[in-house]
S.K.: 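After the structure tokens below, expect a handful of questions from me.
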Amino acid sequence: MRALILKLAHHPSVERFVRGSRLFRGLVRRFIAGDDLQTALRVSEELAQRGLLVTLDNLGENTTTVEEAQAAKETYIAMLRAIAQSPAAESTNISIKLTQCGLDLDVDLAKRVLEEVLDVAAEHRNFVRVDMESSAYVDRTLDIMEAVFSQRKNTGTVLQSYLRRTPQDLERLLRLGMRIRLVKGAYLEPPEIAFPRKSDVDRAYVEQTERLLKSGLYHAIATHDERIIRHAQEFAHREGIPKDAFEFQMLYGIRRDLQESLAADGYRVRVYVPFGDRWYPYFTRRLAERPANVLFILKAIFRG
Ligand SMILES: Cc1cc2nc3c(=O)[nH]c(=O)nc-3n(C[C@H](O)[C@H](O)[C@H](O)COP(=O)(O)OP(=O)(O)OC[C@H]3O[C@@H](n4cnc5c(N)ncnc54)[C@H](O)[C@@H]3O)c2cc1C
């Protein structure tokens with residue numbers, strides 16, 4: 001079902017339908033904080049008041065010109081400056097995508113953009129997370145991260161447990177001392193590259209969570225899977241790992257109850273808050289994660 005939704009979503013007529021249909025508007029609003037940075041900052045402040053941390057994501061991926069990559073850089077820098085002026089400055093960082101920085105055009109361009117963004121983040125003592133995209137980008141992302149991290153420590157990236165290669169990548173990043181966000185993985189990948197069975201992904205995720213928690217570095221366990229979250233809590237407790245030695249991360253609009261209850265229990269919880277008008281690819285990945293979201297809409301369509 002997940003693969004089917006991701007495949008269908010690429011079809012231009014499906015995209016036109018989703019973008020134009022009122023039926024999807026409520027769901028889009030559930031997952032996307034708003035169209036502009038001001039709205040996203042207001043959301044950050046509200047979340048900060050509820051004891052939650054935030055990472056802001058300016059939606060967009062796969063830039064095709066140098067000008068677009070430069071524009072993405074300016075947007076990221078503007079975000080960092082605006083965060084520094086906002087009441088949620090202490091609790092908000094940003095997440096960025098290297099394809100938005102021009103990775104498809106030129107690896108060196110994407111690396112230079114990242115370095116400039118990190119330098120501005122460092123002026124404001126902030127941190128930049130580099131999201132992980134589809135498997136075609138993993139080598140280039142890790143190579144850029146390794147090169148950049150040798151000079152600039154205010155960054156970290158993401159590993160996806162569904163990839164068969166992840167145990168090796170995880171050891172590579174731990175040797176560097178880099179902070180990792182662990183996710184299950186959101187893209188459509190062939191079985192040679194990613195585990196097709198959810199039970200294998202979940203098992204890998206649990207093993208990798210334990211490895212990260214025991215590493216002594218500050219990592220992010222990014223999942224809404226309550227069973228895995230409980231396991232991480234119990235494991236950390238058993239190993240004597242303090243609650244502030246890692247953070248949980250969840251997406252805006254998903255399991256708000258769990259976000260708040262973990263924060264109330266003294267855990268650090270960061271919410272990934274996407275904003276902007278280029279929401280379609282992000283939105284379709286959220287739909288595919290939970291086919292019930294789509295069934296809900298189909299029922300509404302057939303009900304007339
Ligand atoms: C902070 C954060 C950052 C991320 N960054 C990346 C990244 O850089 N690269 C990448 O490939 N992926 C990223 N992801 C997405 C991730 O790979 C998964 O696709 C996503 O988190 C769903 O998996 P899960 O761990 O919640 O587990 P699942 O087993 O998919 O879900 C567990 C439970 O969570 C709830 N849930 C999960 N998804 C939804 C949804 N869409 N709608 C409603 N309920 C839902 C349901 O109750 C479900 O039963 C990120 C996720 C988070 C939380």
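Just so it is clear, the model here is predicted, and its values are computed rather than measured. We count ligands from 1, going down the list as the structure has it; atoms in each ligand are counted the same way. Along the sequence shown, residues are numbered consecutively beginning with 1.
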S.K.: List the protein residues in contact with ligand 1, where contact means a heavy-atom separation under 4.0 angstrom.
M.R.: Arg30, Phe31, Asp131, Met132, Val158, Gln160, Arg181, Val183, Lys184, Gly185, Ala186, Tyr187, Lys198, Ala222, Thr223, His224, Asp225, Gln249, Met250, Leu251, Ile254, Tyr272, Arg286, Glu289, Arg290, Asn293
S.K.: Given the ring of Tyr267, does Lys243 sit roughly above its face, with NZ or CZ under 6.0 Å from the centre of the six-membered ring and within 45° of the axis?
M.R.: yes
S.K.: Residues in salt bridge (charged side-chain N to carboxylate O under 4.0 Å, His left out) with Arg165, at least two apart?
M.R.: Asp139, Asp169
S.K.: Validate the cation-pi geometry between Arg286 and Tyr282: distance from NZ or CZ to the six-membered ring centre under 6.0 Å, angle to the ring axis within 45°.
M.R.: yes
S.K.: Taking only residues two or more places apart in sequence, or in another chain, which ones meet Leu188 in a side-chain contact (heavy atoms from CB on, under 4.5 Å)?
M.R.: Ala3, Leu6, Lys7
S.K.: For Glu74, check salt bridge (charged side-chain N to carboxylate O under 4.0 Å, His left out) against everything at least two apart and list the hits.
M.R.: none
S.K.: In terms of side-chain geometry, is the basic nitrogen of Lys97 or Glu133 positioned less than 4.0 Å from the acidic oxygen of its partner?
M.R.: no
